[in-house]
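Down below is the structure, laid out as structure tokens.
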Amino acid sequence: MLNKEQLEASEIKDERVLVLAGPGTGKTTTLVSRYKYLINQGIKPEEIICCTFSKKATDEIKSRIEKELKLDVKNLPIGTFHALANRALKKLANTININVPKEVLSEKERRDIITNLKNENPKILDELKYLDQLPSNVLQYLDQVREQLLDPEDAAIEASEKGDPIIIAYADMYKLYEEYLSQNGLVDYTRMIQYAYKAFAADAEKDKSYISQFKHILIDEYQDINFAQKSMVDQLLKGGSSLWVVGDDDQAIYGWRGSNVKFILEFEDNYIDAKKVILNTNYRSENKIVIAANNLAKRFVERHPKNIISFGNDEGEVSVFKNKDEDQEASKILDLINNRSKEKQYKDIAILARTNTLPKAVVKELSSSNIPMVLKNNVNLFNDSSTKDLLTAVAIASDIKPQIGWDKKISPKLYGFSKKLLEENNWQTKIKSLSTSVKNQLSPKLKESEKKSKEKEIENCQSYLARYENASKAFQVISTLFNQPKDGNGVYIGTIHGAKGLEWETVIIMGCEDDKLPHSLNSDVWEIEEERRVAYVGITRPKTNLFLTWSESRDGTDKLPSPYLSEILDKKADEKVATKEKVSRYTPMIEDWSIQAKEHQKKIERLRLVQIHREKKRREEFIAEKQRRAELIAENRRAINTSIADGMGQGSGWIKDTGNGFLLEVGYSAIKGGPSEKERHDILSKVFSGQIEMPDTLKQEVAKTWGKPNSIERLKKMRNTINVALGAQKAKTNSSQQAIEKWERDLNHIDNILK
């Protein structure tokens, strides 16, 4: 039985529809009902594309459609973007002169290709830090530029414009990687989307024989769409289909991997006569949780206005727990689990954290207490590669049969040493010797801070093993960390990102500290905004109980509570804070904060002042890290004059980068098909005079980095930015001549018009 809003969304007749579905409001139910409605209207199943972002979501939708409509869904166009792209390419490969992809490269295969290319072309990455050379980081960049539909030439141009030596090196690897894939007829997932976009565009320009087959396009989780996927959909729409999407801008948390929340925020601007329907009844969470979530959501800088209400009552609780350190936090969480498990099963409880390393102390505490766990998202006591080396070595030296978690391939030297220790009977000596050996074999390319971090992980692993009498007892416990309970009845422990779309009776969000949530690596306004959405996703997972924990000290460093905790409480809630003895019907309880409302308000204000200071410091550190990269090429930068770089050493609303990438952010670029010469000159003129529209806070950041409008400092920064890009491109053997010509004309414009 659908409610009024769900029924409206299911049966709406408009051609462009955005359905905003808050947490627990029946998103999937409404999507399946829409599909069912279209079928009942005489639309054929093969004429409806239903697009998702994960195989799990696809399987659920297929299962429900099959059950409710008695359809054979096996060959219907219901699937992930990649699956639908693959399906299309089997029909359209010839239109863009490629072979039909047979298999998609696995992540391991992709890493192996990058490793081989790196070894064959050592000069490209050799100057970078150890971590920056990792194939996973190179591939992350490759996926990012492909999701922007940039080919290797345009990626190299943008890299030059950013002036970042790491990105410039990655762009060179992108060219080699693409050439390798083309020469060997290979495809990976992001390349498949590129191909599908090109194929749909080619079909749209011809007879539209493929794209016109479809009458309706339904998209799930629209807030997660990226530029390449949206572009693919826009080409499909040229065949005449209607577009119906469902999602929640408040739950857009994948910007770090290419998704762009602006596509759901600007849906009504992007599509003429678009209609919006809001599902605002939460059937999952009790009233206290919904109120807490609404308190946080109203702080979002940009969102579709909505007011979620709970279908439930006021059962359960929302509580915040302050702890002395991570060990006390782990003990508190164990107490909460023991209390809840008296009424519910372990599988009804989840512990969520911002990162997969935060729950280590909790995992340790629960494993020691024989609490069954379901560990997800690489959460484990031993998720560092060096600790896995040690586990494997100790297992070999103890004649323990390899299992997942201690079956890692280790160096021949460590393997040989482990074998020699088989005769060593002293368990403590064996652990210590192997721990020392693993430390001694750490890569010499590691920075000192990276080396110390790994050494600490190794020592923690050594300490954990030493708690047990022998190898048999140690690995008996450790095996439970790598094998899920057979009956599934275990406490779920994972990241907030990994928990999106899931729900439990009780959720504990741990590590709610200022540098964890929001994470210290995220400092600009849009990154902080996404961090707030991460917190929102976390606190909307529980049905009945929400517990938030934070520590005054973690890893020996003093901490402050996350600013989101006071936002969750809300100013009105501050005026009637509950004590332990009396809990307000609508107010989250704060454990151990039994103070009067006025005193509490003063404390909140003091904390806010400290938060502002800390935020300023964190922003400065973030900017300093950005500047570190720029300094790598700073010695090659030329002071402003009327010369032009010759490639012989002179250079090597949604604004996110106010540093070297600022010109790119405001639309300036020399890529193929980019802005015309007049448009580029207009952008440069507006940047110089300060006429680019942006929030005042961003104007201050730009002025700090680029100088004040109409100043010689801003002119210097503009000219040097373009000149460095020009020099970096000229220094390449495969330089882009069209980009070089554009930059030279733009420098001439700066020198003769703006100067």
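Values below: every heavy atom of this structure, side chains too, minus hydrogens, waters and symmetry copies.
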Could you check, using the six-membered ring where one of them is a Trp, whether Trp256 and His519 have ring centers closer than 6.0 angstrom?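 So the answer is no for these two rings.
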[X]: partners by side-chain hydrogen bond (donor to acceptor under 3.5 Å, both in side chains), with sequence neighbours left out:
X      : answer
Ser182 : Arg191
Ser689 : Gln691
Thr357 : Thr355
Lys678 : Asp682

Output all residues satisfying side chain to side chain contact (heavy atoms under 4.5 Å, CB included) with [X], sequence neighbours left out; order by chain, then residue number.
X      : value
Asp555 : Glu326, Lys456
Asn734 : Lys175, Lys732
Glu713 : Ser711
Ala670 : Ile157, Glu161, Ala739, Lys742, Trp743

Under the ring pair (Phe, Tyr, Trp, His ring centres under 6.0 Å) rule, collect the residues that match up with Tyr189, sequence neighbours excluded. His82
Name all residues meeting the ring pair (Phe, Tyr, Trp, His ring centres under 6.0 Å) criterion together with Phe267; count only those two or more places apart in sequence or in a different chain, and write none if there are none.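 Applying ring pair (Phe, Tyr, Trp, His ring centres under 6.0 Å) to Phe267 gives Tyr222, Tyr271.
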Any residue meeting salt bridge (Lys or Arg N to Asp or Glu O under 4.0 Å) with Lys306, in chain and number order, not counting sequence neighbours: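 Result, salt bridge (Lys or Arg N to Asp or Glu O under 4.0 Å) vs Lys306: Asp248, Asp249, Asp250.
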[Y]/[X] salt bridge by N-O under 4.0 Å criterion:
X      : Y      : answer
Glu302 : Lys262 : no
Lys454 : Glu457 : no
Glu530 : Arg533 : yes

With side-chain hydrogen bond (donor to acceptor under 3.5 Å, both in side chains) as the rule and sequence neighbours excluded, what pairs involving residues 140-154 come up? Arg110-Asp143, Asp143-Thr190, Arg146-Glu178, Arg146-Asp188, Arg146-Thr190, Asp151-Lys672, Glu153-Ser736, Asp154-Lys672
Testing Pro561, Ser562, Pro563 for side-chain contact (heavy atoms from CB on, under 4.5 Å) with Asp514, which one passes?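 For Asp514, the side-chain contact (heavy atoms from CB on, under 4.5 Å) test succeeds with only one of Pro561, Ser562, Pro563, which is Pro563.
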